[in-house]
Peer 1: 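Right, I'll just put the structure down here and ask away after.
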Protein chains: 2
Amino acid sequence: MNQDAILQALVADKLVSAPDSARGRLLTEAARLFRDRGYERTTVRDLAAAVGIQSGSLFHHFRTKEAILKAVMVETIRLNTALMQAAVDEAQGDRAKLRALIHAELESINGLTGEAMAVLVYEWRSLSPEAQEEVLALRDIYEQLWLDVLGRLHRSGEVTADPFVVRRLLTGSLSWTVTWFQSGGKMGLSELTDQVMLSLGLID
Amino acid sequence: MNQDAILQALVADKLVSAPDSARGRLLTEAARLFRDRGYERTTVRDLAAAVGIQSGSLFHHFRTKEAILKAVMVETIRLNTALMQAAVDEAQGDRAKLRALIHAELESINGLTGEAMAVLVYEWRSLSPEAQEEVLALRDIYEQLWLDVLGRLHRSGEVTADPFVVRRLLTGSLSWTVTWFQSGGKMGLSELTDQVMLSLGLID
DNA sequence: GACAATACCAAGCAAGCGCTTGGTTTGTAA
DNA sequence: TTACAAACCAAGCGCTTGCTTGGTATTGTC
């Protein structure tokens, strides 16, 4: 199952907006602006101008500005959880599964959904506590994928550090790549994935 | 040379504000508020109230709100560069030096200067480009400490991944700890340092 | 004890903010 | 063609924002 098919399945279930719909385009622009300027610095007028409508018209699609932020986060998590799940299922063996997870997360951070992923990580505080809780519940599913693989690698002795700690260290490492890694640069995503595996001592 | 002595030397050179001065207290409160609410969400009225003066009086000490943010960042880097330098100098051998760096950075992130360090990492965008450049220059000194040690460990074969990449992965891991690590919890800073060294395959 | 310099207050201005309102255009299906 | 909902516009309200202003205490120095 390729990435496009996964996306289309989610769109069919109305779990994420179609990228070419009015709502989808708004969310894409929102992610870009929120990432570039930050949520607070982005005004509803900026957002409206980016999709070519009046600022007031935004509130026909979303009740509040925060609802836009929340939608960006929720749809991003849903898409990436599905992509991760597929990556894990395809790979054979736990080292390969871990590598697949790392590669998939790096792809989501530095690829097409990169802007939205950066928002998810760095605009967390801008969500109200209630919205945070909702999004957190979705994240748990996502995190469990990692913990399962890391737990098995720990029991087999291939990873000596604590799985929970390793996942958290990896979360930081991988999300931080958004600040320095250039997708078009001389190091590709696969080489970066190798470097991460190397630094974990999982390649000789 | 202990940490207090280092701080006092910097204060004597007017490179950082004394923590008990008016300016110092303002910067401490600013760091706390900027971290808790974010720079944009923190108003000058919030800041003034936190130190017990009127909002207008802030502008006697700083020309603009952004100047406060910049001062928080600049003073934090100056202090931590000095602390890191001392940590590296004291440790014997490159593994020990790396451990000292990791421990020192974790301490600065999760200890007393934690709020300011979080601001440095997560409020970067709120600085104007000119201010960013100034702060970046200070950061280079700081980063060189790491690259020297990692470079030697790489040449000796103890670290197989690229030193630049490892440093960046570590920057992410360590700064991210601010979101989950509890200083008062059952895992201490030293144990966390060990876990990081473990995950790098530098402890057997 | 005179005199700056420093630190602060009280009040408010201009601009920008999220969001609302009442009405018009566009798309869809009978 | 009619009917109706979804999508959008034009205007602006009420509030908050960073910052300014003119004046008053407080502090340090000789």
Side-chain angles (χ1 to χ4, degrees), chain A residues 11 14 17-73 119 123 125-132, chain B residues 11-12 14 17-73 119 123-132:
Chain A
V11 170
K14 310 231 173 193
S17 313
D20 55 347
S21 68
R23 187 186 155 102
R25 262 180 288 115
L26 174 53
L27 290 180
T28 304
E29 288 301 319
R32 196 177 55 80
L33 286 169
F34 288 165
R35 183 204 140 153
D36 289 350
R37 313 185 191 180
Y39 172 75
E40 299 290 338
R41 288 179 104 93
T42 305
T43 71
V44 292
R45 287 166 179 81
D46 293 335
L47 270 163
V51 291
I53 59 174
Q54 292 290 345
S55 68
S57 307
L58 279 182
F59 297 90
H60 171 73
H61 299 279
F62 293 92
R63 250 174 36 80
T64 63
K65 183 187 171 192
E66 196 203 353
I68 301 177
L69 176 62
K70 185 178 158 189
V72 168
M73 292 186 171
V119 170
E123 298 298 337
R125 266 186 323 215
S126 301
L127 272 190
S128 67
E130 307 88 67
Q132 280 189 19
Chain B
V11 170
K14 310 227 173 194
S17 314
D20 55 345
S21 69
R23 188 186 153 101
R25 262 179 287 117
L26 174 52
L27 290 180
T28 304
E29 287 300 318
R32 196 177 55 80
L33 286 169
F34 289 165
R35 184 206 140 153
D36 289 351
R37 313 185 190 178
Y39 173 75
E40 298 292 338
R41 290 179 105 94
T42 305
T43 70
V44 292
R45 287 165 180 80
D46 293 335
L47 270 163
V51 291
I53 59 175
Q54 292 288 2
S55 69
S57 307
L58 279 183
F59 296 89
H60 171 74
H61 298 279
F62 293 92
R63 252 173 38 78
T64 62
K65 183 188 172 190
E66 196 204 353
I68 301 177
L69 176 62
K70 185 178 159 191
V72 168
M73 292 186 171
V119 170
E123 299 298 335
W124 188 247
R125 264 186 325 217
S126 301
L127 271 190
S128 66
E130 306 89 67
Q132 280 189 18

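All chains are named by letter (A, B, ...) in the order of the sequence lines, taking the proteins before the strands, and each is independently numbered beginning at 1.
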Peer 1: Report the distance from atom NE2 of A:His60 to atom P of C:dG27, rounded to the nearest whole Å.
Peer 2: 14 Å
Peer 1: Going by heavy atoms closer than 4.0 Å, what residues in residues 27-47 of chain A are next to DNA chain D?
Peer 2: A:Arg45
Peer 1: I need the full list of salt bridge (charged side-chain N to carboxylate O under 4.0 Å, His left out) pairs touching residues 53-66 of chain A, with sequence neighbours left out, sorted by first then second residue.
Peer 2: none
Peer 1: Which nucleotide of DNA chain D is the first, and which the last, in the 5' to 3' direction, to come under 4.0 Å of a heavy atom belonging to chain B?
Peer 2: D:dT17 to D:dT20
Peer 1: With a non-hydrogen cut-off below 4.0 angstrom, is B:Ser55 in contact with a base, only sugar-phosphate, or nothing?
Peer 2: base
Peer 1: On DNA chain C, nearest-nucleotide positions of B:Ile53 versus A:Arg63: which is more 5'?
Peer 2: B:Ile53
Peer 1: Just the rounded figure in Å: distance from C1' of C:dT20 to CG of A:Leu58.
Peer 2: 13 Å
Peer 1: Once you round it to whole Å, what is the distance between P of C:dG23 and CD of A:Gln54?
Peer 2: 18 Å
Peer 1: Could you tell me whether a side-chain N or O of A:Arg37 sits under 3.5 Å from a main-chain N or O of A:Thr43, the two making a donor and an acceptor?
Peer 2: no
Peer 1: Taking all non-hydrogen atoms of both residues, which atom of A:Ser126 and which atom of A:Leu69 are closest, and how far apart?
Peer 2: CB-CD2, 3.8 Å
Peer 1: Taking B:Gln132 for its side chain and B:Trp124 for its backbone only, find out whether a donor-acceptor pair lies under 3.5 Å.
Peer 2: yes
Peer 1: Less than 4.5 Å apart, any side-chain heavy atom of A:Leu47 and any of A:Phe34?
Peer 2: yes
Peer 1: Side-chain contact, heavy-atom cut-off 4.5 Å: B:Leu127 with B:Glu123?
Peer 2: no
Peer 1: Would you find a donor on one side and an acceptor on the other, under 3.5 Å apart, between the side chain of A:Arg41 and the backbone of A:Asp36?
Peer 2: no
Peer 1: Indicate yes or no: at least one non-hydrogen side-chain atom of A:Val44 is less than 4.5 angstrom from one of A:Phe62.
Peer 2: no
